[in-house]
Amino acid sequence: MYTTVNGIAMHFEVHGPTHGQPLLLIHGFPLSGKLWQPVIPLLQDQFKLIVPDLRGFGRSELSHHVEPGMSVSTSIVQYADDLFSLLEAIGETRPMVVVGLSMGGYIALEFYRRYTSQVQGLVLADTRAQADSAEQRRQRYATAQRVLDEGSHVVANAMVDKLFAPQTSSELREQWRELMRETSRESVASALLAMAVRSDCRLLLEKIYCPTLIIVGERDVITPIADAQLMHRAILASDLSIIPEAGHMTPVEQPVLFAAALQRFVKPQAGEISSSR
Ligand code: MLT
(Lines give C-alpha, C1' and ligand atoms only; values in the text may rest on other atoms or scores of the structure.)
Protein backbone atom coordinates (compact mmCIF):
# COMPACT_ATOMS: atom_id res chain seq x y z
CA MET A 1 0.00 0.00 0.00
CA TYR A 2 1.03 3.59 -0.55
CA THR A 3 0.12 6.87 1.05
CA THR A 4 1.44 10.38 0.61
CA VAL A 5 3.52 11.49 3.54
CA ASN A 6 5.36 14.82 3.76
CA GLY A 7 5.48 15.16 -0.03
CA ILE A 8 6.58 11.61 -0.88
CA ALA A 9 4.81 8.38 -1.80
CA MET A 10 5.47 6.07 1.12
CA HIS A 11 5.08 2.31 0.83
CA PHE A 12 3.98 0.29 3.83
CA GLU A 13 2.33 -2.99 4.75
CA VAL A 14 -0.11 -3.79 7.53
CA HIS A 15 -0.48 -7.37 8.81
CA GLY A 16 -2.64 -8.87 11.53
CA PRO A 17 -5.90 -7.97 13.27
CA THR A 18 -7.06 -4.35 12.88
CA HIS A 19 -7.71 -4.01 16.61
CA GLY A 20 -4.62 -5.92 17.73
CA GLN A 21 -1.85 -4.27 19.75
CA PRO A 22 0.00 -2.13 17.18
CA LEU A 23 3.71 -2.68 16.57
CA LEU A 24 5.60 -0.28 14.30
CA LEU A 25 8.59 -2.10 12.74
CA ILE A 26 11.39 0.23 11.55
CA HIS A 27 14.09 -1.29 9.35
CA GLY A 28 17.81 -0.51 9.30
CA PHE A 29 20.23 0.86 6.71
CA PRO A 30 20.27 0.33 3.72
CA LEU A 31 17.44 -2.17 3.83
CA SER A 32 13.63 -2.06 3.61
CA GLY A 33 10.54 -3.44 5.31
CA LYS A 34 11.64 -6.83 3.92
CA LEU A 35 13.88 -7.07 6.98
CA TRP A 36 10.80 -8.07 8.97
CA GLN A 37 9.46 -10.72 6.57
CA PRO A 38 10.82 -13.69 8.56
CA VAL A 39 9.06 -12.60 11.78
CA ILE A 40 5.75 -11.45 10.27
CA PRO A 41 4.22 -14.97 10.09
CA LEU A 42 5.23 -15.55 13.73
CA LEU A 43 3.63 -12.36 15.05
CA GLN A 44 0.71 -11.51 12.81
CA ASP A 45 -1.84 -13.65 14.63
CA GLN A 46 -1.40 -11.59 17.80
CA PHE A 47 -0.36 -8.12 16.74
CA LYS A 48 -1.19 -5.46 14.21
CA LEU A 49 2.14 -5.02 12.42
CA ILE A 50 2.81 -1.75 10.62
CA VAL A 51 5.79 -2.20 8.31
CA PRO A 52 6.95 0.89 6.40
CA ASP A 53 9.72 1.34 3.85
CA LEU A 54 11.54 4.44 5.06
CA ARG A 55 11.93 7.42 2.72
CA GLY A 56 14.19 6.32 -0.18
CA PHE A 57 14.18 2.61 0.71
CA GLY A 58 12.20 -0.32 -0.69
CA ARG A 59 9.32 1.15 -2.65
CA SER A 60 9.15 4.56 -0.93
CA GLU A 61 10.23 7.73 -2.71
CA LEU A 62 13.25 9.66 -1.43
CA SER A 63 11.96 13.01 -2.51
CA HIS A 64 9.48 14.28 -5.00
CA HIS A 65 12.20 15.21 -7.44
CA VAL A 66 15.60 13.49 -7.58
CA GLU A 67 18.19 13.73 -10.36
CA PRO A 68 20.76 10.92 -10.72
CA GLY A 69 23.78 11.58 -8.50
CA MET A 70 21.93 14.34 -6.63
CA SER A 71 22.70 14.77 -2.93
CA VAL A 72 19.32 14.87 -1.18
CA SER A 73 19.09 16.17 2.34
CA THR A 74 17.21 14.12 4.90
CA SER A 75 17.63 13.44 8.61
CA ILE A 76 16.79 11.01 11.39
CA VAL A 77 14.22 13.59 12.53
CA GLN A 78 12.66 13.53 9.05
CA TYR A 79 12.41 9.73 9.06
CA ALA A 80 10.72 9.90 12.50
CA ASP A 81 8.33 12.64 11.34
CA ASP A 82 7.46 10.58 8.25
CA LEU A 83 6.47 7.67 10.47
CA PHE A 84 4.29 9.85 12.67
CA SER A 85 2.61 11.26 9.55
CA LEU A 86 2.13 7.75 8.18
CA LEU A 87 0.35 6.70 11.39
CA GLU A 88 -1.87 9.77 11.17
CA ALA A 89 -2.60 9.07 7.50
CA ILE A 90 -3.73 5.51 8.23
CA GLY A 91 -5.73 6.58 11.29
CA GLU A 92 -3.62 4.60 13.77
CA THR A 93 -3.47 6.99 16.70
CA ARG A 94 -3.24 4.46 19.55
CA PRO A 95 0.02 4.38 21.56
CA MET A 96 2.13 1.55 20.21
CA VAL A 97 5.22 -0.55 20.57
CA VAL A 98 7.95 0.99 18.42
CA VAL A 99 10.54 -1.52 17.23
CA GLY A 100 13.68 -0.28 15.46
CA LEU A 101 16.74 -2.13 14.25
CA SER A 102 20.06 -0.31 13.96
CA MET A 103 19.33 2.90 11.99
CA GLY A 104 15.71 2.01 12.76
CA GLY A 105 16.71 2.18 16.44
CA TYR A 106 18.16 5.68 15.96
CA ILE A 107 14.80 6.61 14.44
CA ALA A 108 12.84 4.87 17.23
CA LEU A 109 14.75 6.91 19.84
CA GLU A 110 14.06 10.12 17.92
CA PHE A 111 10.40 9.09 17.60
CA TYR A 112 10.28 8.64 21.37
CA ARG A 113 11.89 12.07 21.91
CA ARG A 114 9.36 13.78 19.64
CA TYR A 115 6.19 11.73 20.12
CA THR A 116 6.57 10.32 23.63
CA SER A 117 2.87 9.88 24.25
CA GLN A 118 2.57 7.70 21.12
CA VAL A 119 5.03 5.16 22.50
CA GLN A 120 3.75 2.49 24.84
CA GLY A 121 6.90 0.39 24.63
CA LEU A 122 10.24 0.50 22.84
CA VAL A 123 12.25 -2.30 21.28
CA LEU A 124 15.81 -1.30 20.43
CA ALA A 125 17.41 -4.03 18.36
CA ASP A 126 21.06 -4.11 17.30
CA THR A 127 21.44 -0.39 17.74
CA ARG A 128 23.21 2.20 19.86
CA ALA A 129 22.55 5.51 21.61
CA GLN A 130 25.91 7.20 20.95
CA ALA A 131 26.33 9.62 18.07
CA ASP A 132 29.14 9.12 15.53
CA SER A 133 32.69 10.07 16.50
CA ALA A 134 34.46 12.67 14.35
CA GLU A 135 36.30 9.85 12.55
CA GLN A 136 33.11 7.85 11.89
CA ARG A 137 31.50 11.03 10.56
CA ARG A 138 34.42 11.66 8.22
CA GLN A 139 34.16 8.09 6.94
CA ARG A 140 30.40 8.42 6.35
CA TYR A 141 30.95 11.59 4.29
CA ALA A 142 33.65 9.88 2.22
CA THR A 143 31.46 6.79 1.68
CA ALA A 144 28.46 8.95 0.72
CA GLN A 145 30.55 10.66 -1.95
CA ARG A 146 31.83 7.32 -3.29
CA VAL A 147 28.29 5.94 -3.40
CA LEU A 148 27.07 8.98 -5.36
CA ASP A 149 30.00 8.61 -7.79
CA GLU A 150 30.13 4.82 -8.14
CA GLY A 151 26.86 3.29 -6.89
CA SER A 152 25.24 1.50 -3.96
CA HIS A 153 27.35 -1.64 -4.45
CA VAL A 154 30.11 0.23 -2.56
CA VAL A 155 28.09 -0.03 0.65
CA ALA A 156 26.49 -3.39 -0.18
CA ASN A 157 29.92 -5.03 -0.61
CA ALA A 158 31.41 -3.38 2.45
CA MET A 159 28.49 -4.27 4.72
CA VAL A 160 27.32 -7.71 3.72
CA ASP A 161 29.88 -9.71 5.69
CA LYS A 162 29.50 -7.55 8.78
CA LEU A 163 25.74 -8.02 8.89
CA PHE A 164 25.67 -11.72 9.65
CA ALA A 165 27.13 -14.20 12.13
CA PRO A 166 29.91 -16.31 10.57
CA GLN A 167 27.82 -19.47 10.03
CA THR A 168 25.24 -17.67 7.80
CA SER A 169 24.84 -19.26 4.36
CA SER A 170 26.33 -17.52 1.34
CA GLU A 171 22.89 -17.73 -0.27
CA LEU A 172 21.36 -15.52 2.42
CA ARG A 173 24.27 -13.09 2.25
CA GLU A 174 23.88 -12.79 -1.53
CA GLN A 175 20.15 -12.18 -1.22
CA TRP A 176 20.79 -9.21 1.09
CA ARG A 177 23.74 -7.91 -0.92
CA GLU A 178 21.37 -7.76 -3.90
CA LEU A 179 18.69 -5.94 -1.92
CA MET A 180 21.23 -3.34 -0.74
CA ARG A 181 22.58 -2.88 -4.29
CA GLU A 182 19.05 -2.21 -5.54
CA THR A 183 18.64 0.81 -3.23
CA SER A 184 19.28 4.02 -5.15
CA ARG A 185 22.65 5.66 -4.63
CA GLU A 186 20.92 8.94 -3.69
CA SER A 187 18.97 7.20 -0.90
CA VAL A 188 22.04 5.42 0.46
CA ALA A 189 24.08 8.64 0.44
CA SER A 190 21.36 10.71 2.09
CA ALA A 191 20.92 8.13 4.87
CA LEU A 192 24.68 8.08 5.47
CA LEU A 193 24.67 11.85 5.88
CA ALA A 194 21.60 11.68 8.14
CA MET A 195 23.30 9.13 10.40
CA ALA A 196 26.53 11.17 10.47
CA VAL A 197 24.83 14.19 12.02
CA ARG A 198 22.32 12.41 14.25
CA SER A 199 21.99 13.50 17.87
CA ASP A 200 23.62 11.67 20.70
CA CYS A 201 20.81 9.94 22.62
CA ARG A 202 22.68 8.95 25.80
CA LEU A 203 21.02 11.65 27.89
CA LEU A 204 17.64 10.73 26.46
CA LEU A 205 17.99 7.15 27.78
CA GLU A 206 17.57 8.32 31.36
CA LYS A 207 14.29 9.97 30.38
CA ILE A 208 12.80 6.85 28.85
CA TYR A 209 10.11 5.70 31.24
CA CYS A 210 8.21 3.24 29.06
CA PRO A 211 9.00 -0.49 29.19
CA THR A 212 11.91 -1.15 26.85
CA LEU A 213 13.35 -4.31 25.39
CA ILE A 214 16.91 -4.26 24.09
CA ILE A 215 17.84 -7.04 21.69
CA VAL A 216 21.29 -7.80 20.30
CA GLY A 217 22.84 -10.65 18.36
CA GLU A 218 25.69 -12.20 20.33
CA ARG A 219 27.90 -11.93 17.22
CA ASP A 220 26.87 -8.39 16.22
CA VAL A 221 30.02 -6.55 15.11
CA ILE A 222 28.28 -3.36 13.91
CA THR A 223 26.51 -2.54 17.18
CA PRO A 224 28.12 -4.95 19.65
CA ILE A 225 26.78 -6.21 22.98
CA ALA A 226 28.55 -3.36 24.84
CA ASP A 227 26.29 -0.82 23.05
CA ALA A 228 23.22 -2.79 24.14
CA GLN A 229 24.50 -3.01 27.73
CA LEU A 230 25.03 0.75 27.83
CA MET A 231 21.36 1.30 26.91
CA HIS A 232 20.20 -1.38 29.35
CA ARG A 233 22.08 0.26 32.24
CA ALA A 234 20.65 3.70 31.47
CA ILE A 235 17.00 2.87 30.72
CA LEU A 236 15.13 2.31 33.94
CA ALA A 237 12.53 -0.25 32.87
CA SER A 238 14.57 -2.23 30.37
CA ASP A 239 15.32 -5.86 29.65
CA LEU A 240 18.21 -7.15 27.60
CA SER A 241 17.88 -10.16 25.34
CA ILE A 242 21.05 -11.51 23.73
CA ILE A 243 20.24 -13.68 20.74
CA PRO A 244 22.63 -16.61 20.25
CA GLU A 245 24.09 -17.47 16.84
CA ALA A 246 23.10 -14.12 15.36
CA GLY A 247 24.95 -11.06 14.11
CA HIS A 248 23.38 -7.68 13.29
CA MET A 249 20.34 -9.11 11.43
CA THR A 250 18.61 -10.78 14.38
CA PRO A 251 15.06 -10.98 12.86
CA VAL A 252 16.50 -12.64 9.74
CA GLU A 253 19.08 -14.87 11.40
CA GLN A 254 16.98 -16.02 14.37
CA PRO A 255 13.33 -15.16 13.61
CA VAL A 256 11.89 -17.61 16.15
CA LEU A 257 14.03 -16.28 19.00
CA PHE A 258 13.41 -12.67 17.94
CA ALA A 259 9.63 -13.20 17.83
CA ALA A 260 9.67 -15.05 21.16
CA ALA A 261 11.52 -12.13 22.81
CA LEU A 262 8.85 -9.74 21.50
CA GLN A 263 6.05 -12.02 22.66
CA ARG A 264 7.49 -12.18 26.18
CA PHE A 265 7.72 -8.39 26.21
CA VAL A 266 4.23 -7.63 24.87
CA LYS A 267 1.55 -9.87 26.25
CA PRO A 268 -1.11 -9.65 23.56
CA GLN A 269 -4.08 -10.94 25.58
CA ALA A 270 -3.71 -8.34 28.29
CA GLY A 271 -2.41 -5.65 25.93
CA GLU A 272 0.26 -5.45 28.60
CA ILE A 273 3.89 -4.55 28.11
CA SER A 274 6.41 -5.26 30.77
CA SER A 275 10.03 -5.37 31.63
CA SER A 276 11.33 -7.34 34.57
CA ARG A 277 13.05 -4.31 36.19
C1 MLT B 1 22.35 -0.08 10.15
O2 MLT B 1 22.47 -1.31 10.17
O3 MLT B 1 21.25 0.49 10.15
C4 MLT B 1 23.62 0.74 10.08
O5 MLT B 1 24.70 -0.09 9.87
C6 MLT B 1 23.83 1.57 11.30
C7 MLT B 1 25.05 2.43 11.20
O8 MLT B 1 25.76 2.40 10.19
O9 MLT B 1 25.30 3.18 12.16
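For ligands, and for the atoms within them, numbers begin at 1 and follow the listed sequence.
- For the residue pair Q46 / Q263, a side-chain donor-acceptor distance below 3.5 Å is found, with atom types taken as modelled.
- Considering all non-hydrogen atoms of both residues, Q21 and V97 come closest at NE2-CG2, 3.6 Å.
- Applying the ring pair (Phe, Tyr, Trp, His ring centres under 6.0 Å) test between H27 and each of F12, F57, W176 identifies F57 as the sole match.
- The distance from ligand 1 to the heavy atoms of M195 drops below 4.0 Å at these ligand atoms: 6 (C), 7 (C), 8 (O), 9 (O).
- Close contacts of ligand 1 with Y106, meaning ligand atoms under 4.0 Å from a residue heavy atom, involve 6 (C), 7 (C), 9 (O).
- In this structure, M159 is part of the shell of residues with a heavy atom less than 4.0 angstrom from ligand 1.
- Other cluster members for L203: none, since no ILVMFWY side-chain heavy atom sits under 4.5 Å from it.
- Atoms of ligand 1 lying under 4.0 Å from at least one heavy atom of R128, given by number and element, are 9 (O).
- The existence of a salt bridge linking E92 and R94 is confirmed by a sub-4.0 Å separation between a basic side-chain nitrogen and an acidic carboxylate oxygen.
- Near M103, with a cut-off below 4.0 Å to any heavy atom, the atoms of ligand 1 are 1 (C), 3 (O).
- Per-residue contacts place G28 under 4.0 angstrom from the following atoms of ligand 1 (heavy atoms of the residue considered): 3 (O).
- At a heavy-atom cutoff of 4.0 Å, ligand 1 is contacted by the side chain of R140 but not by its backbone.
- Taking D132 as the reference, R140, R198 meet the salt bridge (charged side-chain N to carboxylate O under 4.0 Å, His left out) condition, with sequence neighbours excluded.
- Here R219 does not pair with E253 in a salt bridge; the nearest charged N to carboxylate O distance is not below 4.0 Å.
- An N or O contact shorter than 3.5 Å links F29 to ligand 1 by distance.
- Under the 4.0 angstrom criterion for non-hydrogen atoms, H248 is in contact with ligand 1.
- Ranked by closest heavy atom to atom 2 (O) of ligand 1, the top entry among G105, A196, P30, S102 is S102.
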